[in-house]
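Below is one structure; the comments refer to it alone.
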Protein chains: 2
Amino acid sequence: MQDLLFDFIAKYVSLTEDEKNAIISLDTFRTFKKGVILLREGQNSNEAYFVLKGCIRAYYIIDGEEKTTAFYTEMDALTPPCVVNKTPSEYYISCIEDSIIIISNPEMEAEIFDKFPKFESLCRVLSEELLAKQQINFDEFKTSSPEQRYLNLLQSRPDLIQRVPQHQLASYLGIKPESLSRLRPRIMAKNKW
Amino acid sequence: MQDLLFDFIAKYVSLTEDEKNAIISLDTFRTFKKGVILLREGQNSNEAYFVLKGCIRAYYIIDGEEKTTAFYTEMDALTPPCVVNKTPSEYYISCIEDSIIIISNPEMEAEIFDKFPKFESLCRVLSEELLAKQQINFDEFKTSSPEQRYLNLLQSRPDLIQRVPQHQLASYLGIKPESLSRLRPRIMAKNKW
DNA sequence: CTCATTTCTTAACTTAAGTCAACGAGTCGT
DNA sequence: ACGACTCGTTGACTTAAGTTAAGAAATGAG
């Protein structure tokens, strides 16, 4: 199981056995059942997540309606804004599937960064990379129509369309479930003729 | 001028005179006239920007049309994805106003990080903070209508509405200039009655 | 100052997303 | 196996954004 993590890290830096053991000794691997809520609105959490297996989703409840804004799957990292800003969480995080997740907190990070500065460097690089990725994502979202966004998702994360319920996908695409339902036939019609 | 920068940094860490001098000696303060293009599509740049004064904007040209996706004003930092990914740039960056900007590159960063590890730590924190901010931004964008987005912007960055041309604001809000034009009177009508 | 260009607004029309409601299929708990 | 929910689809209607076009206002270059 840990190999998934170390293979991922190996793309950025090579770790000594000592360093790997330091990570393992933190003992932060957790498994959750589908449906478990990891974070609730209003909570003062300081947990960051790294998905080894499975899928979690972030969603707001606005006027009693769930608004799904993100899905995190294998090798995705998520530090909720409430952790960074030390404010109560504005949203929920729950497991869409049975999942294996690494949960860390700032104290653990500080400890590791202190012992192995290399990790802080790694985290800086990862976070800059994430930031760039998310910028591009946001840009694509802004510059395209719901239809294009769906086609885009079909290309970039085809798995999501399989593993995620439609109404969650819809708000992820910034539209209503009924609209998503109508999108599909419309696209088909275009490709046929 | 540099004080602007050091005041900003002081919110995160305190710097010694040595460290301040190290930054100043990099001699990366630049001034640009309104209209100057800092980065072009297709370019292989490795420059990151930090706006001390003025305003720059990022925009794509898609089907011959400008799509503005971001504005960076005082104390905003921007590392274009092309720098992180070492790929040709997908977008343009230009100065909307006469601006004073700090331009850095990965080599300079590496040098500074090596001499003063504190800076890498600072950059990690900054970038995590930025990531959180952008997540919230994206979430707000997804979960609201063009009208709400405009009202939102009016609240969170009222200066932008003054200093930026409407058609650029429009694509920033994910709509056409004509739609933005119609938004305003509609909102007024709602508030009046 | 003047002409050319860009920017903003307005209008008429088209298209697609939102809303409300109904219905069948699937899921869950008991 | 049953009924209660949830989920996805469909339909009719409303609303707002896209499109195309025209013209007024502001800006810039010479």
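Throughout, protein chains are lettered first and strands after them, A, B, ... in sequence-line order, and every chain is numbered starting at 1.
In this structure, the CD atom of A/Glu66 is 14 Å from the C1' atom of D/dC5, given to the nearest Å. At whole-Å resolution of the value, CD1 in A/Ile187 and C1' in C/dA16 are 13 Å apart. The distance between atom NZ of B/Lys142 and atom P of C/dG18, rounded to the nearest whole Å, is 15 Å. For A/Ile96 and D/dC7, the CD1 to P distance is 12 Å, given to the nearest whole Å.
For D/dG8, neither phosphate oxygen OP1 nor OP2 lies less than 4.0 angstrom from any side-chain nitrogen or oxygen of A/Arg184.
A distance-only check finds a donor-acceptor pair linking the side chain of A/Ser89 to the backbone of A/Tyr91 [under 3.5 Å]. Side chain of A/Arg163 to backbone of A/Gly54: a donor-acceptor contact under 3.5 angstrom is found. Judged by distance alone, with hydrogens and angles left aside, the side-chain atoms of A/Glu140 form no donor-acceptor pair with the main-chain N or O of A/Asn137 at under 3.5 Å. Put simply, the side chain of B/Arg57 never gets that close to the backbone of B/Ser94: no donor and acceptor are under 3.5 Å apart. In this structure a side-chain-to-backbone donor-acceptor pair under 3.5 Å is present from A/Glu19 to A/Thr16. At least one donor-acceptor pair closer than 3.5 Å links the side chain of A/Thr143 to the backbone N or O of A/Asp139.
A/Tyr172 and A/Tyr59 sit in two unconnected hydrophobic clusters of ILVMFWY residues. Membership requires side-chain heavy atoms under 4.5 Å apart, directly or through other members.
For B/Arg124, the salt bridge (charged side-chain N to carboxylate O under 4.0 Å, His left out) test picks out A/Glu120, B/Glu128, with sequence neighbours left out. Remark: A/Tyr150 engages no residue in a ring pair (Phe, Tyr, Trp, His ring centres under 6.0 Å) (not counting sequence neighbours).
Comparing the helix axis at one end of the helix from C/dC1-D/dG30 to C/dC28-D/dG3 with that at the other, each defined from 5 consecutive pairs, gives an inter-axis angle of 60° (nearest 10°).
Of the residues in residues 160-173 of chain A, those with a non-hydrogen atom less than 4.0 angstrom from any atom of DNA chain D are A/Pro165, A/Gln166, A/His167.
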Using atom names, set out every protein N or O paired with an N or O of nucleotides 17-22 of chain D below 3.5 Å, distance rounded to 0.1 Å.
unit_1 : atom_1 : unit_2   : atom_2 : d
D/dA17 : OP1    : B/Arg186 : NH2    : 3.4
D/dA17 : OP2    : B/Arg186 : NH1    : 3.0
D/dA17 : OP2    : B/Arg186 : NH2    : 2.8
D/dG18 : OP2    : B/Lys176 : N      : 3.1
D/dG18 : OP2    : B/Ser179 : OG     : 2.7
D/dG18 : N7     : B/Arg182 : NH2    : 3.4
D/dT19 : O4     : B/Arg182 : NH2    : 3.3

Atom pairs under 3.5 Å: protein N/O with N/O of nucleotides 23-30 of chain C:
none

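Counting all heavy atoms, side chain and backbone alike, B/Met75 lies closest to B/Phe8 at SD-CB, 3.8 Å.
Just one residue in the list A/Lys33, A/Lys53, A/Lys34 forms a salt bridge (Lys or Arg N to Asp or Glu O under 4.0 Å) with A/Asp98, and that residue is A/Lys33.
The cationic group of A/Arg157 does not satisfy the cation-pi geometry with A/Phe71, failing either the under 6.0 Å distance to the six-membered ring centre or the 45° limit from the ring axis.
Residues A/Ile93 and A/Tyr72 form no side-chain contact, since every pair of their non-hydrogen atoms from C-beta on lies 4.5 Å or further apart.
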